Peer 1: 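Sharing a structure below in C-alpha cells format, with a few things to ask.
None of these values were measured; they are calculated from a predicted model. Hydrogens, waters and symmetry mates play no part in the numbers below; they use all other heavy atoms, side chains included.
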Amino acid sequence: MNKIIAIVGMCGSGKSVASEYLENNLQYKKVYFGGVTMKKLQEEGLEVNPENEKMMREKLRQDLGMGAYAKVLLSKIKELSINNNVVLDGLYSWDELVILNNEFKMTTIAVVADKKLRYERLEKRVVRPFSKSDAIKRDVSEIENIAKAGPIAYADYYIFNNGTINDF
C-alpha cells in the first residue's frame, strides 16, 4: 500500500507549503480539502472571501456531518492511493480523521507556528490574504465549529514552522 500523509494545522501555519514540497519534490499526489469549499462556492456563484468560505465549510458539515470533507474526497483518495503516495492538504475535523484512519493506514503531521507569525503571514499572503481580525475569527470558528484542534493534538509528528521558508 502506498503512503498517505495528512497535513494538519491552523491557517497560516504552512500546511500548503509542506504539501507542495511532498507533491513537487517527492511526487506525492495532493488532495486539497479546501478545494471542496472553493468548488462549492463556484457552483453556487458566490465570491471567494472569508465570510463565504466559513459559511460554506459550516454548511457542508451541517448537510453531511462533521466528516463531510472526508466523505466527499474518500473515493478520490482511494483512487489516487492505488498507484501513488498521497498527501492530504488541510484535513480539519476529528470526524474526518476518524473516517480516514478507518479506511487507510496514514500518518498525520501537524504544522505548528506561533499565532502572531501566522497572522503576519496571512496578511502578506498573495492568494486569499486574511487580515488579523479575519484570521482570529477563522481560528475561533474552526476550533469551535469544526473540531479542528483534535487532529492537531493527535498528530503523529509535529513540524515547528517559526522560521524562514528555507528553515522549514
Peer 1: With heavy-atom distances below 4.5 Å as the criterion, would you say the side chains of T107 and K3 are in contact?
Peer 2: no
Peer 1: Find the distance between NZ (K30) and CD (E20) and round it off to the nearest 0.5 Å.
Peer 2: 4.5 Å
Peer 1: Answer yes if L88 and V72 sit in the same cluster of Ile, Leu, Val, Met, Phe, Trp and Tyr residues linked by side chain heavy atoms under 4.5 Å apart, and no otherwise.
Peer 2: yes
Peer 1: Say whether, by atom type as modelled, one donor and one acceptor occur between the side chain of S13 and the main chain of V111 under 3.5 angstrom.
Peer 2: yes
Peer 1: Of the options K15, R138, K115, R118, which is the one that meets M10 in a side chain to side chain contact (heavy atoms under 4.5 Å, CB included)?
Peer 2: R118
Peer 1: At what distance, to the nearest 0.5 angstrom, does OG1 of T37 lie from CD of Q42?
Peer 2: 12.5 Å
Peer 1: Are any non-hydrogen side-chain atoms of L26 and N85 less than 4.5 angstrom apart?
Peer 2: no
Peer 1: Report yes if the side chains of V87 and S19 come closer than 4.5 Å at any heavy-atom pair, otherwise no.
Peer 2: yes
Peer 1: Using the side chain to side chain contact (heavy atoms under 4.5 Å, CB included) rule, take E103 and K78 through it: C-alpha gap first, then chi angles, then the decisive distance, then the call.
Peer 2: CA-CA 9 Å; E103 292 286 334; K78 281 182 179 180; 3.1 Å; yes
Peer 1: Let me confirm one number: the CD1-CD1 distance from I143 to I152, rounded to the nearest 0.5 Å.
Peer 2: 7.5 Å
Peer 1: Regarding N2 and S81, is there a side-chain donor-to-acceptor distance under 3.5 Å anywhere?
Peer 2: no
Peer 1: Closer than 3.5 angstrom, by distance alone: can the side chain of N84 be matched with the main-chain N or O of V86 as a donor-acceptor pair?
Peer 2: no
Peer 1: Could you report the tightest heavy-atom contact between P50 and D134, atom names first, then the distance?
Peer 2: CG-OD2, 3.9 Å
Peer 1: If I compare all heavy atoms of E47 with all of L41, which pair ends up nearest, and what's the gap?
Peer 2: O-CD1, 4.3 Å
Peer 1: Run the side chain to side chain contact (heavy atoms under 4.5 Å, CB included) test on E53 and M38 for me, step by step, so that the C-alpha distance in whole Å, both residues' side-chain angles and the decisive distance to 0.1 Å come before the verdict.
Peer 2: CA-CA 8 Å; E53 290 177 45; M38 300 306 157; 3.6 Å; yes
Peer 1: Using side chain to side chain contact (heavy atoms under 4.5 Å, CB included), reason through V112 and I159 one step at a time and then give a plain yes or no.
Peer 2: CA-CA 6 Å; V112 180; I159 299 174; over 6 Å; no
Peer 1: Side-chain heavy atoms nearer than 4.5 Å, only ILVMFWY residues, links allowed to pass through others: does that put F160 and Y119 together?
Peer 2: no
Peer 1: Is there side-chain contact between N52 and M56, with heavy atoms separated by less than 4.5 Å?
Peer 2: no
Peer 1: If we ignore angles and hydrogens, is there a donor and acceptor under 3.5 Å between the side chains of E142 and S93?
Peer 2: no
Peer 1: I want to check something: taking the side chain as every heavy atom from C-beta on, are R61 and I146 in contact at a cut-off of under 4.5 Å?
Peer 2: yes
Peer 1: So V8 and Y158, do their side chains get closer than 4.5 Å, heavy atoms only?
Peer 2: no
Peer 1: Please examine the side chains of I77 and L100, heavy atoms only from C-beta on, and report whether any two atoms are closer than 4.5 Å.
Peer 2: yes
Peer 1: Drop me the distance from L122's CG to C11's SG, to the nearest 0.5 angstrom.
Peer 2: 4.5 Å
Peer 1: Identify whether NZ of Lys or CZ of Arg in K148 sits under 6.0 Å from the centre of the six-membered ring of Y92 and within 45° of that ring's axis.
Peer 2: yes
Peer 1: So which heavy atom on L46 is nearest to which on M55, and how close?
Peer 2: CD1-CE, 3.5 Å
Peer 1: Indicate if Y157 and Y21 have the same hydrophobic cluster label, given that clusters are the connected sets of ILVMFWY residues with side-chain heavy-atom separations under 4.5 angstrom.
Peer 2: yes
Peer 1: Which value, rounded to the nearest 0.5 Å, describes the distance between N101 atom CG and L91 atom CG?
Peer 2: 8.5 Å
Peer 1: Can any side-chain N or O of D167 pair as donor or acceptor with the backbone N or O of T164 at less than 3.5 Å?
Peer 2: yes
Peer 1: Does a sphere of radius 6.0 Å around CD in E43 hold more than 12 heavy atoms from other residues, nucleotides or ligands, not counting ones at 6.0 Å or beyond?
Peer 2: yes
Peer 1: Consider only side-chain heavy atoms of I, L, V, M, F, W and Y, link residues closer than 4.5 Å, and tell whether M66 and L97 are in one cluster.
Peer 2: no
Peer 1: Between the main-chain N or O of K40 and the side-chain N or O of E44, is there a donor-acceptor pair closer than 3.5 Å?
Peer 2: no
Peer 1: Tell me yes or no: between the side chains of N162 and D114, is some donor less than 3.5 Å from an acceptor?
Peer 2: yes
Peer 1: Can you pull out every ring-ring contact (aromatic ring centres under 6.0 Å, His included) where at least one residue sits in residues 121-155? Sequence neighbours excluded, please.
Peer 2: W94-Y154
Peer 1: Please name the pair of heavy atoms, one in I99 and one in A70, separated by the smallest distance, quoted to 0.1 Å.
Peer 2: CG2-CB, 3.9 Å
Peer 1: Give me each pair satisfying ring-ring contact (aromatic ring centres under 6.0 Å, His included) with a member in residues 29-72, each pair once, sequence neighbours excluded.
Peer 2: none
Peer 1: Kindly indicate whether the side chain of R128, heavy atoms from C-beta on, has any atom under 4.5 Å from the side chain of N49.
Peer 2: no
Peer 1: Nearest 0.5 Å, what's the OG1-CD1 distance between T108 and I7?
Peer 2: 9.0 Å
Peer 1: Evaluate V31 against D89 for side chain to side chain contact (heavy atoms under 4.5 Å, CB included), listing each step before the verdict.
Peer 2: CA-CA 6 Å; V31 176; D89 179 0; over 6 Å; no
Peer 1: Should the heavy atoms of other residues, nucleotides or ligands under 6.0 Å from CD of E79 be counted, would the total exceed 12?
Peer 2: no
Peer 1: Is Y28 reachable from L74 through a run of hydrophobic residues whose side-chain heavy atoms are each under 4.5 Å from the next?
Peer 2: no
Peer 1: Go through the side-chain N and O atoms of E58 and N145 and say whether any donor and acceptor fall under 3.5 Å apart.
Peer 2: yes
